[in-house]
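Let me begin by presenting the structure, written as structure tokens, before commenting on it.
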Amino acid sequence: MDRRNFFQSSALVSTGALIGCATPGVAQQKVKTPFEVPQVYIPVVGSDQMFPVRRIYCIGRNYAAHAREMGSDPNREPPFFFQKPTDAVQFVPAGTVADHPYPPLTKQYSYEAELVAALGKGGRNIPINQALQMVWGYTLGLDMTRRDLQDLMKNERKPWEIGKSFDMSAPMGALHKVDSIGHFTEGAIWLKVNGQIKQNSNLKNMIWSVAEQISKLSEACELFPGDIIYSGTPENVGPVVRGDVIEMHIDKLPNLSVKIV
Ligand code: MN
């Protein structure tokens, strides 16, 4: 490293510009910043605490019938994950119909109804039989997708980030603590558009359980408190247009509703 590069990198460290790498100790330091960047939180049911979101992971093709409709063989594929930006969270209070903006660039904006697990502990190489101990709470959420852009990028063998990772692409309800709600290994999951049933399955149809997802993901990335995982969607995903109302349900949780505007 020449002298000039050395000084540049020391300056970056001292202004805190390297914050954001996976070194939690660094983020605790008081540093001077030119502006504030808000932390994203999810409200917690029955508590005045808010859950701080660190990362949003999503598993792909985790129900066999959905994997088939996406054109892949559910029997041969190991689980794979992608991320949404943390600030893609749109919190939707129970009992409300939140306005959800139709995003730019797409002509095929699609819903995916999913169980969401939120972690209170992390680690690397977490064994399946210990993985559920990492879960702090659960909610339900929509993995909103610009399907046409995802497909276009898939066909061009480019990353499909633009189809999945964009503003407001992660509507979700308040978190329910595991202490009060327990874990989710089965139970109805459905989604309606304008009162008409579109997706209708059961959590037990997941190919990889929440415990298996945590275990597998922790082989690829060290997991930390604040990480949340979208656990995949059943078959019959489809598009919405402005004016449509989406309502989704998972047994034990209050329904989540948004109106596309
Ligand atoms: Mn999904």
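Each ligand, and each atom within it, is numbered from 1 in the order the structure gives.
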Is it the case that Thr145 and Lys164 place a side-chain donor and acceptor less than 3.5 Å from each other? yes

Cationic N near anionic O, under 4.0 Å, Arg61 to Glu69: no

Mind checking who shares a hydrophobic cluster with Ile42, ILVMFWY linked at side-chain heavy-atom distances under 4.5 Å? Val40, Val44, Phe51, Val53, Ile56, Val89, Val116, Trp136, Met172, Leu175, Ile228, Tyr230

Tyr109 ring center within less than 6.0 Å of His100 ring center: yes

N, O or S atoms of the protein lying under 2.8 Å from the Mn ion (ligand 1): Glu112 OE1, Glu114 OE2, Asp143 OD2

Quick one: do the Ser165 and Gln83 side chains pair a donor with an acceptor below 3.5 Å? no

Please check this pair: side chain of Arg146 against backbone of Ile162, looking for a donor-acceptor N/O pair closer than 3.5 Å. yes

